[in-house]
Amino acid sequence: CYFLSAVALVALLPVVVRDRLDAGPNTYTLLFGLFGLGAVTLAFTIGILRQRLSRDGMIAMGIGLQTSAAIAFALTTHVAILAVATVASGFAWISVAASLGVTAQLALPAWVRGRGLAAVQMAYMGGGTFGALLWGQIATTWNLQIAFAAAAVATAANFVLARRYPVSTLREENLTPS
């Protein structure tokens, strides 16, 4: 569910640059590169964050950052603000993906771990694919601001799922086939 809503920023970024910012490939490259910078920044800080936050805390932080980024894209066309939002989005994306990936590795029994992790990756990619279609359709039917506002609401709704289904409580079970 997170990736279904979070993909709005990446999926709609080319249209934002072209239509809302009236800019070209340089601006798109800058903003998309900053998304990557956010992801790389997490890679360098994840050890510090993991000392302070549980996996659920990492997911909640990611949901909050992604929601904030979507709100920024809904409300402004100021490139500097969108740049910060894009860095936050990349950071959020990887914090959630890493936390869910670790959870899957811990929760899946060894005999099916590879297949299970493949299913997790498929869920990420499927959520991103269907989300891109959804947000593109919403932006086409209404406009970009409404699409980003709806994405912010949808992303924030993930807080409910994160509270209802905490990942930190999952433990590896002995599900060895008989």
Side-chain angles (χ1 to χ4, degrees), residues 1-50 53 57-102 117-118 120-159 162:
C1 291
Y2 171 81
F3 293 103
L4 179 77
S5 58
V7 76
L9 191 143
V10 176
L12 298 175
L13 186 59
V15 183
V16 168
V17 170
R18 184 191 68 202
D19 295 352
R20 288 193 70 209
L21 302 179
D22 196 30
N26 290 340
T27 303
Y28 172 77
T29 301
L30 170 71
L31 291 175
F32 195 66
L34 290 171
F35 179 85
L37 178 65
V40 170
T41 301
L42 178 73
F44 288 112
T45 60
I46 196 165
I48 296 166
L49 288 170
R50 288 292 296 132
L53 297 172
M58 294 282 290
I59 290 170
M61 177 195 64
I63 292 169
L65 286 172
Q66 189 64 47
T67 301
S68 300
I71 291 169
F73 270 76
L75 297 178
T76 189
T77 57
H78 194 276
V79 175
I81 294 171
L82 297 181
V84 171
T86 307
V87 171
S89 179
F91 192 91
W93 186 283
I94 301 302
S95 73
V96 172
S99 297
L100 293 175
V102 166
L117 291 173
V120 168
Q121 286 296 317
M122 196 168 70
Y124 294 172
M125 297 304 133
T129 299
F130 290 116
L133 292 169
L134 172 68
W135 304 119
Q137 187 60 48
I138 291 172
T140 299
T141 303
W142 290 285
N143 62 44
L144 284 167
Q145 291 86 351
I146 289 173
F148 282 115
V153 170
T155 304
N158 283 285
F159 278 121

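- To the nearest 0.5 Å, atoms CE (M125) and CZ (F130) are separated by 13.5 Å.
- L37 contributes atom CG, which lies 12.0 Å from atom CG of L31 (distance to the nearest 0.5 angstrom).
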Ring pair (Phe, Tyr, Trp, His ring centres under 6.0 Å) for F148 and W135? Distances and angles first, verdict last.
CA-CA 8 Å; F148 282 115; W135 304 119; 8.6 Å; no

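- Legend: residues meeting side-chain contact (heavy atoms from CB on, under 4.5 Å) with L134, ordered by chain and number and at least two apart, are I138.
- The CG atom of L144 sits 10.5 Å away from the CG atom of L13 when rounded to the nearest 0.5 Å.
- Annotation for I146 and N143: closest pair N-OD1, 2.8 Å, computed over non-hydrogen atoms.
- Considering every non-hydrogen atom in both P14 and Y28, the closest pair reads CG-CE1, 3.7 Å.
- Within a 6.0 Å radius of CZ in F159, more than 12 heavy atoms belonging to other residues, nucleotides or ligands are found.
- Between G128 and V7, the closest heavy-atom pair is O-CG1, 3.5 Å.
- The shortest non-hydrogen separation linking T155 to S5 is OG1-OG, 3.2 Å.
- With a 4.5 Å cut-off on side-chain heavy atoms, S95 and L49 do not count as touching.
- One finds the CG atom of L100 at 10.5 Å from the CD atom of Q121 (value rounded to the nearest 0.5 Å).
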Which atom pairs, donor and acceptor, lie under 3.5 Å between side-chain atoms of residues 57-84 and protein residues at least two apart or in another chain?
unit_1	atom_1	unit_2	atom_2	d
Q66	OE1	Y2	OH	3.4
Q66	OE1	S89	OG	2.9
Q66	NE2	A6	O	3.4
Q66	NE2	S89	OG	3.2
T67	OG1	I63	O	2.8
T67	OG1	A156	N	3.4
S68	OG	G64	O	2.9
T76	OG1	H78	N	3.0
H78	ND1	A80	N	3.4

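- With rounding to the nearest 0.5 Å, the separation of OG1 in T41 from CD1 in I46 is 12.0 Å.
- Residues L9 and W93 form no side-chain contact, since every pair of their non-hydrogen atoms from C-beta on lies 4.5 Å or further apart.
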